[in-house]
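Everything on this sheet refers to the single structure shown next.
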Amino acid sequence: MLMAEPETPPPARSDRSPWNWLLIVPIVVPLLTPLYNHDSPRLWGFPMFYWLQFAFILLGVVTTSVVYRMTRR
């Protein structure tokens, strides 16, 4: 009976891409409360606080998508 050849381990993945630093943006920007601590301008009757929260969600999605595409192998 022949012995199976030893499997070579996959190459180590390095997550040290500088693009990963961009993921700090959607974390830090919502913490800057002076940006959205206002009632105006209103967008379709919604105060700035509410519609800017949705904008922060979009910022997170776009940022995560960019980092994913730039670090994909």
Subject >> salt bridge (Lys or Arg N to Asp or Glu O under 4.0 Å): pairs with one or both residues in residues 48-63, sequence neighbours excluded >> reply: none
Subject >> Within one Ile-Leu-Val-Met-Phe-Trp-Tyr cluster: Ile57 and Leu35, side-chain cutoff 4.5 Å >> reply: no
Original post:
Under the 3.5 angstrom rule, does the side chain of Trp51 hit a backbone N or O of Trp44 as a donor-acceptor pair?
Top reply: no
**OP:** Output all residues satisfying side chain to side chain contact (heavy atoms under 4.5 Å, CB included) with Pro18, sequence neighbours left out; order by chain, then residue number.
**Re:** none
Subject >> In one Ile/Leu/Val/Met/Phe/Trp/Tyr side-chain cluster, 4.5 Å: Phe49, Leu52 >> reply: yes
Original post:
Restricting to pairs with a member in residues 58-70, which pass side-chain hydrogen bond (donor to acceptor under 3.5 Å, both in side chains), not counting sequence neighbours?
Top reply: none
**OP:** Can you tell me which residue pairs pass the salt bridge (Lys or Arg N to Asp or Glu O under 4.0 Å) test with a partner in residues 55-65, sequence neighbours excluded?
**Re:** none
Original post:
Going by heavy atoms in the side chains, are Ser17 and Met70 under 4.5 Å from each other?
Top reply: no
Original post:
What pairs of residues pass the salt bridge (Lys or Arg N to Asp or Glu O under 4.0 Å) test when at least one of them lies in residues 22-37, not counting sequence neighbours?
Top reply: none
Original post:
In Å, rounded to the nearest 0.5 Å, how long is the span from CG of Leu32 to CZ of Phe56?
Top reply: 7.5 Å
Subject >> Pairs meeting criterion side-chain hydrogen bond (donor to acceptor under 3.5 Å, both in side chains) with involvement of residues 27-38, two or more places apart >> reply: none
Original post:
Sequence neighbours excluded, which residues qualify as side chain to side chain contact (heavy atoms under 4.5 Å, CB included) partners of Pro47?
Top reply: Asp39, Arg42, Tyr50
**OP:** Write out all pairs satisfying salt bridge (Lys or Arg N to Asp or Glu O under 4.0 Å) with one or both partners inside residues 17-33, taking only residues at least two apart or from two chains.
**Re:** none
Original post:
Who passes side chain to side chain contact (heavy atoms under 4.5 Å, CB included) against Val25, sequence neighbours left out?
Top reply: Leu22, Val29, Leu59
**OP:** Please report the shortest heavy-atom distance between Pro26 and Gly60, naming the atom on each side.
**Re:** CB-CA, 3.6 Å
Original post:
Any link between Val61 and Leu23 through a network of hydrophobic side chains (Ile, Leu, Val, Met, Phe, Trp, Tyr) touching at under 4.5 Å?
Top reply: no
Original post:
How would you list, by chain and number, every residue that makes a side chain to side chain contact (heavy atoms under 4.5 Å, CB included) with Ile24, sequence neighbours excluded?
Top reply: Trp21, Val28
